[in-house]
Structures are given as structure tokens and as C-alpha cells.
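Here the structure comes first, spelled out in C-alpha cells, and everything after it is commentary.
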Amino acid sequence: MRKKNNTIRISYYGILCIVLLFGIIIVKMTYVSYSTIVDGVDIKAKAANRNSAVTKITASRGTIYSVNGEALAKDVNSYTVVAFLDEGRTTNEKKPRHVVDKEYTANVLSEYLNMSPENILKLLNQKLYQVELGPGGRDISEKRKIEIESLDLPGIGFIKSTKRYYPYGDFASYIIGYAKKYDSKIVGELGVEGYFNNELRGKDGTITYQQDAYGYQIADTPVITDDAESGKDIYLTIDSNIQMYLENAINDMAQENTFEWITVTVANAKTGAILGSATTPSYDPNKLNITNYNNPLVSYSYEPGSTMKIFSFMAAMEEGIYKPDELFLSGTKMLGKDKVTDWNKTGWGNITFDKGFTYSSNVAAAELGLELGKDKLIEYYKRFGFGSKTGIEMADEYSGIINPKYELEIANAAFGQGITTTPIQNIQALTTLANNGMLIKPYIVDKVIDPDTGETIYEGKRTEIEQVVNPETVDKMLELMNETVNGEDAAATGYVYRTASTALIGKTGTAQIVSSSGGYQTGNYNNIRSFAGLFPYKDPEYIVYISVKKLQASSRALAKPVKSIVESIAKYKNLDQLIVEQDESKIIKIENYINSYTDETLSKLENSGLEVVKIGVGSRIIDQFPQKGSTMIKGNKLFLLTNSTEIFMPSMENWTTSEVGNYCNLAGINYNISGYGRVRTQSIPAGTELDLTSILDVTLTRKEEEVTTDEETEQTE
């Protein structure tokens, strides 16, 4: 009996404990059901987060365009080739979803991925579910993807992504820059890609939704979408036609000459817009075969040489100390124990300061610089923009150094030695010559567009900085630069830059290169040669600035690409201002002669004052140069092509380069030109019948060929 009662008592207490435990659980559940915070944790948010998924919406990177609207940099689809290796992926043996024959697959894909079969097979033999076939299978194009898909290889798939693509390859590469992929992000580096990376990359978006245990969206649950914002589109001031002229000209020069580097830029002289800028060596941003990360336009800083005489002479004019007809003794100027010498060492005797400019006399510049004094010379150089960044939309712009202190340094600075400048600074300073003395800021971005709305959010424009010199000073300098290139004096240093299509004016420069051991490097070719020019003469519209380091040739080699560029732009932009002063009585407006009878047209033009060159013996005219609406000066050649296959070679003695080109282009024959000046010899004798296989070689020389006007070395001692 006692034992029984004890058992009953234990059961009673056990039941009581169970009831109390359940009571506590019910109270806790009731609390939880009415509260979102338990033990400091928002359990509803936690539960929701456990079931939520976020998918990134990648923003499209903005496109970079030329001013003509051609895409220079854009996003394109790219793919990574993957191989599925797990046999468990295949559920139907007739339709395998894994790589079945690894050796066959490796051999076939090697032709498409630029990888050896051995390297691909090594990847396929790994004990993995899937593997990327890299590096050759990464970032392949849509076209290559389609080609691989057509092979119908089991177990081969693709992961889609985007990459940056540059349709024109090595074209304005230092201006455009490049963008690289880091993980899933494309980041701009160098050029516009780097400078405007934040604007170009846009803003990624997200899609947030509720997912089940298998990762699928739960039906009838809310989806939160934060749309991506596309990157902004950037239109550059680069004119793709002008850029092509620059690229072709310096690439041709690279084929014919040896040098360390060459860079050339053309700008709109009125607005400061950069229309083209090319460099050799360069790189292809699709391949990133880059060896130099400095943008030549803004990050090449060097002693400019005699192009600085443009600005030191103008400073002297502004201060009233320049007397054009005053004589000075050229050759050597002693400064205590130091001396300044002219580039030809001996000078030209007593000459005027005007001649001093056209002959590029260091002594003339030194005389003016010393009379100006250190403070005034530095003041004007800085007002022209030297020694400071221009602020153009390019990263890593250099300031250059303008800091002469002692008498010899001041003299040297007046002709561009002992100071450093950048190409973009020289271009900015030259804008004063096209704007009556007003300095204009250069720029490279024409406009920035929001592609989602079409709104223009930024527009580049002409920006005036400072009135540096008076219009009278500009007129005098334009006159001197014209005389340097187009004057009758064969000793003028810019003679070889004379063009046949429009009046290019300018100033040459040759600066020695600082030696790492102190002083300057010696030798005729250890220098940087340059040319600063504007065209047309009377109302300059374009600036051209070119420089080359260690050119293993005479200065005539540098003139060739400049003339090619200027003549191409003149034709493209219909510039008709010729070198000769345009007396209205000598100007002839060209009519349309196409489809007219040859004899009637020749009779009509007999007393026009033009030299008519008939090409062929046909009865009708089928083409002409120049075209209708052009203007010519009496004595120039008008070319008329007739409807005849019989064409006979004329005598080209004394013809210009452009005249030879105009004839051969209309006649449809190939030609080669060597030398400078006018035609002296031709490989096809006059009177010879031509055909499509004919190749004409002509040699040009100047009458003053024996006169050497190159600034081979401009030395301070």
C-alpha cells in the first residue's frame, strides 16, 4: 500500500511540471505572435531576409563618339566558354550534357580558342563539375560563339558578359584611353575612359524578390526593382576624318624614318577644340599592347626650342622694345664667360630683327629676352599659359617649368631652352594668333548626353581666358610666320613647310635633350624637333603642332607629314586661300565642265589665264579638278579628263606635288614622289601612252637645294 501511494504522488508532481512548462511555452508564443522584437532581434525581418534574393542589374557603360557620331568605344556582348565535366548532368544518353570525348573536344576547340589541344585537355581532365576554358575562351565575340555552337560539341556552354570594344583599334588611342574588367566591373584607365569613368560607368540596379528553398521566386510575392542608370554618352571634339589624316601621315613617316616618338595635334584655332591627336608609337586598346602610359598631348614635357620665339618676340613687341628694322650682329653673343650662338654657329652678319625671326636666330631672341628681363619674360610666358595646366579634360596633365633665374638662363628661355612645355600648352598659346590676342582654353569633349532621356547635360564651348597681346602684335607675328614659310628668302627656316593648297604659316624649333649626366646630349640627331603652324594665313582656322624626338633625318622629313595633313584638311574643308596674295582681278571661279564638248570648253578657257591640262583625246569631258565652285588664281592648272582610253604622259617639269597628284588621280595611274620643291625628273617620258599598269616616279628638288636651312642644332654654347 505504501509503495502504491508513493507512485501516485510522483505522477502528480510530474503532471504539474508538464502543465507549468506548457503554460510558459504558450505565454512565449503569445508574446512572439504580437511582437517583432525577440531578444533584441527583429525576427520578421530575419525571416524575410532568409527567403529574399537580390539580383544585380549591370548598368550599360556609356559610348564614346567622335564629333561625327561614330562610336569609338562601346560595350559589346562577350562570352566565356565553359565545359561541363560531371556525367551526372546527363539524363538522356542520346543528348549528353557533359563532355563525352575530351580529346576530340580539345582538338576541335584549339582552332577556335588559340590554345593548344594539350592545354585544353588538361583543363578537361580535372575532377570538377565545370571549368572555364581560359585564357583563349574568355571574352570571345558573338561571332566566335556562334562558330563554336555550330560544332555541336556536347557539354560546351557559354557565360554571357560584356566587354569594352574599340571598333577602330589603334586610333586616337591616347585620347580615348581604355577600360579594363576587374571581376565584374569595367573600369576606365587613361584618356577619356579614365577621366570620365564615373560618368561613363553609370549606376547598377537591383531586383529583390522572395525565393523558395530551391532558389525560385515565390509566386504572388512582391518584387522590388531599382532600375540601373545607363552611363553617359560622351561626344569628343575629334573629327574622325582629320584624325585619319594624322594617323596616316605619321604612320607613313614611321615607315620611312627612324625616331623615338612623334606626336601631332590639330585644333580649331577659333574655339580651342581638339580635332585630332595622333602618336607613334601607340597602342590598340583592344589588345592593350601599351608600353608608355603617358598621354603625349598633356604628359610629354620637354624643352620646346625655337617655337618659343613666337611668344618671346610677341612679348617684346607688346613692351615696345621690338624694332623690326633695327640691326644686330648675329652669330654669337657673349654673356660674361658664357655665350649664346646661332644654330649655324657663324650667323648671317648684321641683320634686322625681322630677319632674326625668319632665320631663327638665337642671338636675336636672347637680345630681346634680356632687354625684357626675367620678370617680364616669365610674366608673358605665364600669361600665354606656360607653367600651368590648361585644364583640358585629360588626366595626368603636366604643368611644365618656367623658372629662369640667371642671365644665361633668361637668354636661353627666350629661344626655348632651359624651360619645359607640353604640346597642349603650345596649342593653347597659339590660339592667341587666331583670336586677336585672346587666349582660348583647349577642350576635347563636345557634349555629354544622358542616353536614357536624350538630355544634353554638358556642352563644350569656346572659353576665353585672357587678352594677352594686342591685335597689332598678332598681325605682325602672323606676317613674320608667313615670311618664315612662304617668303622668297631661301634662308628662311620654314621654307620646306610651304604647301600648294593653302597658306600654312609657322615656326620651326629644334631643342637639345638634357643629358642624365648633366648638360645636353650631343650629336645632330639627339634633339626634339617641332613645328608650330596655323592655316590659312589671313584668318587662321586651324592650329597644327608636331614634335619628334631623335629623328634620324633632316628637318625636311618632318615637313612631309605636316604638308600632307594640311593639304588633306584644306581639301576636306574646302579652304581656298592660296599662298599668293589674292588680287581679286586674278581670281577665277571654276564652272562645271563635265559633259561638255572638249573643243568648245578649251576654246572657252583659252583666254581665262588658267593653264588647262587635257587628259586623253576624247570628245567629251567626264571629270575635272578642281570641281565646280572652287576658286583659282590665274596661272594655276585646271585638269580636264576626257572620255578616251588613250592618255599620253605630259611633261611635268616644274610641277608641284599636288599637281602631280591631281593629274595621276584623274588619269588613274599610280605614282611615287621623292624630294621637295618642284618636279625635275620623271620616269615616264612625255608623249608615252599610259595604261592602268603605269607607275610614275618623279623627283622634286628646289633651285636653292644647295642652301641648308635646317636648324640642325640650336645650342647655348
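Computed from heavy atoms alone, side chains included, the values below leave out hydrogens, waters and symmetry copies.
Atom CD of Glu70 has more than 12 heavy atoms from other residues, nucleotides or ligands within 6.0 Å.
The backbone N or O of Ser173 lies less than 3.5 Å from a partner atom in the side chain of Tyr283, making a donor-acceptor pair. Using a distance-only test at 3.5 Å, with no hydrogens or angles considered, a donor-acceptor pair links the side chain of Gln243 to the main chain of Ser277. Although no hydrogens or angles enter the test, the distance criterion places a donor-acceptor pair under 3.5 Å between the side chain of Thr431 and the main chain of Ile440. At distances below 3.5 Å, not a single donor-acceptor pair connects side-chain atoms of Asp233 with backbone N or O atoms of Ile449. Ser568 places a side-chain N or O within donor-acceptor distance of the main-chain N or O of Ser564, the cut-off being under 3.5 Å. In this structure, the side chain of Glu247 engages the main chain of Ala172 through a donor-acceptor pair within 3.5 Å. The backbone N or O of Ile684 sits less than 3.5 Å from a side-chain atom of Gln682, completing a donor-acceptor pair. Here the side chain of Thr237 pairs a donor or acceptor atom with the backbone of Ile274 at under 3.5 angstrom. Although no hydrogens or angles enter the test, the distance criterion places a donor-acceptor pair under 3.5 Å between the side chain of Lys309 and the main chain of Ser360.
Looking only at side-chain heavy atoms (C-beta outward), Tyr458 and Ile234 stay at 4.5 Å or farther from each other. The side-chain heavy atoms of Met244 and Phe171, taken from C-beta on, include a pair separated by under 4.5 Å. At a threshold of 4.5 Å between non-hydrogen side-chain atoms, the residues Tyr537 and Val485 do not count as touching. Two residues are said to be in side-chain contact when any heavy atoms from C-beta on lie closer than 4.5 Å; Lys614 and Pro650 fail this criterion. Between Ser306 and Thr510, every side-chain heavy-atom pair lies at or beyond the 4.5 Å cut-off. Taking the side chain as every heavy atom from C-beta outward, Thr601 and Val612 never approach each other to under 4.5 Å. Lys287 has its side chain out of reach of Asp170: every pair of non-hydrogen atoms, C-beta onward, lies at least 4.5 Å apart. Using a 4.5 Å heavy-atom cutoff, the side chains of Glu393 and Val192 are not in contact.
We find the CZ-CE distance between Phe196 and Met394 to be 7.5 Å, quoted to the nearest 0.5 Å. The distance from the CD1 atom of Ile424 to the CD1 atom of Ile444 is 7.5 Å, given to the nearest 0.5 Å. Taken to the nearest 0.5 Å, the CG atom of Leu534 stands 13.0 Å off from the OH atom of Tyr545. Atoms OH and CG, on Tyr235 and Leu72 in that order, are 11.0 Å from each other to the nearest 0.5 Å. To the nearest 0.5 angstrom, Thr484 atom OG1 is 11.0 Å from Leu504 atom CG. To the nearest 0.5 Å, atoms OH (Tyr525) and OG1 (Thr258) are separated by 10.5 Å.
Using a 4.0 Å cut-off between charged nitrogen and carboxylate oxygen, Lys270 and Asp539 count as a salt-bridge pair. Using a cut-off of 4.0 Å between Lys/Arg side-chain N and Asp/Glu carboxylate O, Lys389 and Glu397 are scored as not salt-bridged.
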Go through it in stages, so that I can follow the logic: the residues are Glu611 and Lys637, the test is salt bridge (Lys or Arg N to Asp or Glu O under 4.0 Å), and I'd like the CA-CA distance, side-chain angles, deciding distance and then a yes or no.
CA-CA 5 Å; Glu611 182 180 342; Lys637 292 180 177 62; 3.5 Å; yes
Test log, rule side-chain contact (heavy atoms from CB on, under 4.5 Å), inputs Asn435 and Arg462
CA-CA 11 Å; Asn435 295 278; Arg462 167 190 161 100; 2.6 Å; yes
Step by step, would you call Asp396 with Ser299 a side-chain hydrogen bond (donor to acceptor under 3.5 Å, both in side chains)?
CA-CA 6 Å; Asp396 301 321; Ser299 301; 5.6 Å; no
Report the C-alpha distance between Asn295 and Tyr195 in whole Å, list the side-chain angles of each, state the deciding distance to 0.1 Å, and finish with yes or no for side-chain contact (heavy atoms from CB on, under 4.5 Å).
CA-CA 12 Å; Asn295 181 345; Tyr195 191 87; over 6 Å; no
Between Thr421 and Asn426, is a side-chain hydrogen bond (donor to acceptor under 3.5 Å, both in side chains) present by the stated rule, with each step listed?
CA-CA 7 Å; Thr421 67; Asn426 282 274; 3.0 Å; yes
Does the side-chain hydrogen bond (donor to acceptor under 3.5 Å, both in side chains) test come out yes or no for Thr508 and Thr493, once each step is laid out?
CA-CA 7 Å; Thr508 57; Thr493 54; 3.3 Å; yes
List the steps and the verdict of side-chain contact (heavy atoms from CB on, under 4.5 Å) for Arg529 and Phe259.
CA-CA 11 Å; Arg529 297 181 186 178; Phe259 49 80; over 6 Å; no
Could you go through the salt bridge (Lys or Arg N to Asp or Glu O under 4.0 Å) check for Lys573 and Glu541 one step at a time?
CA-CA 10 Å; Lys573 294 296 185 178; Glu541 296 180 37; over 6 Å; no
Residue pair Lys571, Tyr245: steps toward the side-chain contact (heavy atoms from CB on, under 4.5 Å) verdict:
CA-CA 12 Å; Lys571 184 177 180 180; Tyr245 301 150; over 6 Å; no
Could you go step by step and tell me if Tyr65 and Asp446 meet the side-chain hydrogen bond (donor to acceptor under 3.5 Å, both in side chains) rule?
CA-CA 10 Å; Tyr65 295 94; Asp446 180 58; over 6 Å; no
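The aromatic rings of Trp261 and Tyr300 sit tilted, their planes meeting at an angle between 30° and 60°. Ring geometry for Phe384 versus Phe311: interplanar angle of 30 to 60°, hence tilted.
In terms of heavy-atom proximity, Asn68 sits nearest to Ser240 at OD1-N, 2.8 Å. Nearest heavy-atom pair across Gly506 and Phe531 is CA-CZ, 3.7 Å. Across all their heavy atoms, Glu260 and Pro281 have their closest contact at O-CD, 3.6 Å. Of all heavy-atom pairs spanning Cys664 and Met652, the tightest one is SG-CE, 4.5 Å. Closest non-hydrogen pair, Ala511 versus Glu303, comes out as CB-O, 3.1 Å.
With hydrogens and angles left out, the side-chain atoms of Ser547 and Tyr302 include a donor and acceptor closer than 3.5 Å. In this structure, a donor-acceptor pair under 3.5 Å is present between the side chains of Arg680 and Asn654.
Each of Thr279, Asn257, Leu558 was compared with Ile262 under the side chain to side chain contact (heavy atoms under 4.5 Å, CB included) criterion, and only Leu558 meets it.
Cation-pi geometry between Arg498 and Tyr495 is met: under 6.0 angstrom from the ring centre, within 45 degrees of the axis.
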